[in-house]
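Notes to accompany the following structure.
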2 protein chains.
Amino acid sequence: MLTAERHFIILQVLKEQGNATVHELSEVTGASISTIRRDLVQLEEAEKLKRVHGGATQYRTKWTEPSLNEKSSQNLQEKTSIASYAAGLIEDGDCIFLDAGTTTQKLAEHLSSKNLIVVTNGYQVVETLLDKGITTYLVGGKLKPITGAMIGGKALESIATYRFDKSFIGINGIHESFGYTTADPEEAIMKKTAIDLSRESYVIADHSKIGETAFSKVADLHECTIITSHFTESNLTKISEQTTIEVVKS
Amino acid sequence: MLTAERHFIILQVLKEQGNATVHELSEVTGASISTIRRDLVQLEEAEKLKRVHGGATQYRTKWTEPSLNEKSSQNLQEKTSIASYAAGLIEDGDCIFLDAGTTTQKLAEHLSSKNLIVVTNGYQVVETLLDKGITTYLVGGKLKPITGAMIGGKALESIATYRFDKSFIGINGIHESFGYTTADPEEAIMKKTAIDLSRESYVIADHSKIGETAFSKVADLHECTIITSHFTESNLTKISEQTTIEVVKS
DNA sequence: ATTTTCATTCAAATTAATTCAAAATCAATC
DNA sequence: GATTGATTTTGAATTAATTTGAATGAAAAT
């Protein structure tokens with residue numbers, strides 16, 4: 001077996017399981033313990049994985065690291081099913097906008113590599129998209145430190161040069177009278193611009209955002225279709241008078 | 001069997017499997033081991049495949065990706081010391097451009113969080129910069145899958161809206177008469193544009209790039225200062241007639 | 001304290017580069 | 001069309017380099 005082949009298998013296993021013991025890898029590849037160790041040394045030098053006592057783990061970046069909130073498996077499953085549903089709306093040949101954020105990152109993972117053009121303002125989703133071989137454009141501009149979203153005047157100029165078939169927007173609050181809201185005013189403008197540039201716009205948000213409001217108004221309810229999971233009847237009726245809601249069962 | 005025919009079969013096998021051993025290829029083609037080796041040497045020179053110990057792999061795919069082991073630890077250390085030196089050139093209040101690439105990524109790691117504005121076209125360096133709390137702007141545009149660099153018309157428009165005090169460019173070849181060269185024409189234009197927009201430009205490259213040439217011309221030698229590590233006298237004299245060279249001891 | 005894992009070393013095995021003679025291909029002439 | 005000599009290609013043999021797996025004692029985990 002070629003060295004490159006072993007390295008590939010090792011990384012493959014890590015991608016699937018997140019970690020692996022030296023013995024596991026030895027069995028999977030058929031190579032000896034010594035050889036696996038040498039491979040791990042090389043791959044660590046190339047910064048492809050992190051070596052730990054007994055084996056190796058994935059090199060986790062800040063963005064791939066699941067936050068405490070995400071780790072709550074209920075919330076995660078909810079996001080995943082919402083993302084999966086949203087991905088189903090995308091058709092071959094579409095040109096779509098993907099907002100920055102964890103929910104949209106999940107959506108990126110569910111995209112099949114169709115004939116697709118994706119424009120995004122969140123650099124975290126980029127890696128996922130490139131892995132899938134999807135044509136990706138990144139909006140330029142100033143980077144907001146915490147979320148890694150592109151904001152500011154340059155970003156607005158940059159996004160204005162595109163037109164989208166569909167846009168998928170993450171949001172912090174959905175309220176019957178205050179509409180869609182988010183924390184950062186600069187992000188809000190970006191989201192609003194993306195919505196205006198789109199033929200169809202979808203807001204994706206888990207049920208906890210329903211009825212909430214945040215600091216900055218993004219748009220009125222009727223401007224987007226809401227994709228969310230199970231929520232209470234009382235909320236549903238008031239909001240559904242103003243726009244379409246797609247409820248995903250999680 | 002014709003040589004061209006063997007070459008075709010070899011590439012065919014690689015396309016199907018991603019990699020192949022010398023013995024495999026010998027069996028498939030019916031040629032001797034020696035002949036296959038000679039074929040592989042030729043095909044590697046033509047950049048049709050990548051030779052590895054025991055056989056060969058495809059150039060682009062994920063097989064070769066882990067074998068970024070071209071970046072052996074020695075090379076890595078060299079890059080680190082070059083990056084460290086380059087970081088020392090940056091002054092408080094500077095507005096700098098950081099090219100995409102592994103060397104510039106190392107440079108990002110060595111930046112101290114001064115009062116600094118960084119513009120980059122490589123999305124991999126972004127995370128490092130944000131971690132350090134450095135104000136970061138990302139050039140917009142189409143993402144090149146393999147390197148993760150921003151390229152294309154949008155990227156050029158985007159970068160043209162900035163002006164830099166200093167730019168740091170990664171390069172594949174530095175040659176006394178062909179100047180600075182890199183593999184991808186679209187990346188070459190980006191690099192050239194960044195150089196033109198800068199008050200001072202620095203090319204950072206380890207010694208292996210000296211005397212080499214790649215497909216696309218970026219700029220003439222005199223347009224940038226070269227930052228590199230130890231290299232032979234003969235190369236030094238011819239190139240140093242045309243531009244400044246900063247030699248870093250690794 | 002015991003077991004597991006790690007780094008280092010070393011010999012065996014595999015693979016690569018080099019050299020050389022035979023075979024094949026080619027060119028020009030008879 | 002065959003013959004000869006030059007050139008190229010090929011396969012085998014030799015030597016050099018690399019990779020591999022096991023063995024050892026040190027370090028770490030239980």
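As the structure is a prediction and not an experimental result, all values here were calculated from the model.
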| message | Taking only side-chain N and O atoms of A/H23, does any of them lie within less than 4.0 angstrom of OP1 or OP2 on C/dT4? | response | no
| query | Should the ring pair B/F97 and B/F164 be called parallel, tilted or perpendicular, given that the plane angle runs from 0 to 90° and is split at 30 and 60? | reply | tilted
| task | Would you mind building the protein contact string for nucleotides 10-16 of chain D? One character per nucleotide, 5' to 3', B for base within reach (heavy atoms under 4.0 Å), S for sugar-phosphate only, - for untouched. | result | BBB----
| How many Å lie between CD on A/Q42 and P on D/dT18, as a whole number? | 13 Å
| Is the closest basic N to carboxylate O distance between B/E44 and B/R38 below 4.0 Å? | no
| side-chain contact (heavy atoms from CB on, under 4.5 Å) involving B/E27 - partner list, sequence neighbours excluded | none
| request: Could you tell me whether A/V52 contacts a base, only the sugar-phosphate backbone, or nothing, with contacts defined as non-hydrogen atoms closer than 4.0 Å? | output: sugar-phosphate
| request: Using atom NE2 of A/H53 as one end and atom P of C/dT4 as the other, report the distance to the nearest whole Å. | output: 11 Å
| B/R51 CZ to D/dA17 P: how many Å, rounded? | 16 Å
| message | If the threshold is 4.0 Å, N to carboxylate O, is there a salt bridge linking B/K132 and B/E109? | response | no
| request: List the steps, then state whether salt bridge (charged side-chain N to carboxylate O under 4.0 Å, His left out) holds for B/K144 with B/E186. | output: CA-CA 9 Å; B/K144 192 184 161 194; B/E186 299 215 70; over 6 Å; no
| remark: So ring pair (Phe, Tyr, Trp, His ring centres under 6.0 Å) across residues 128-153 of chain B, not counting sequence neighbours, yields B/Y137-B/Y162
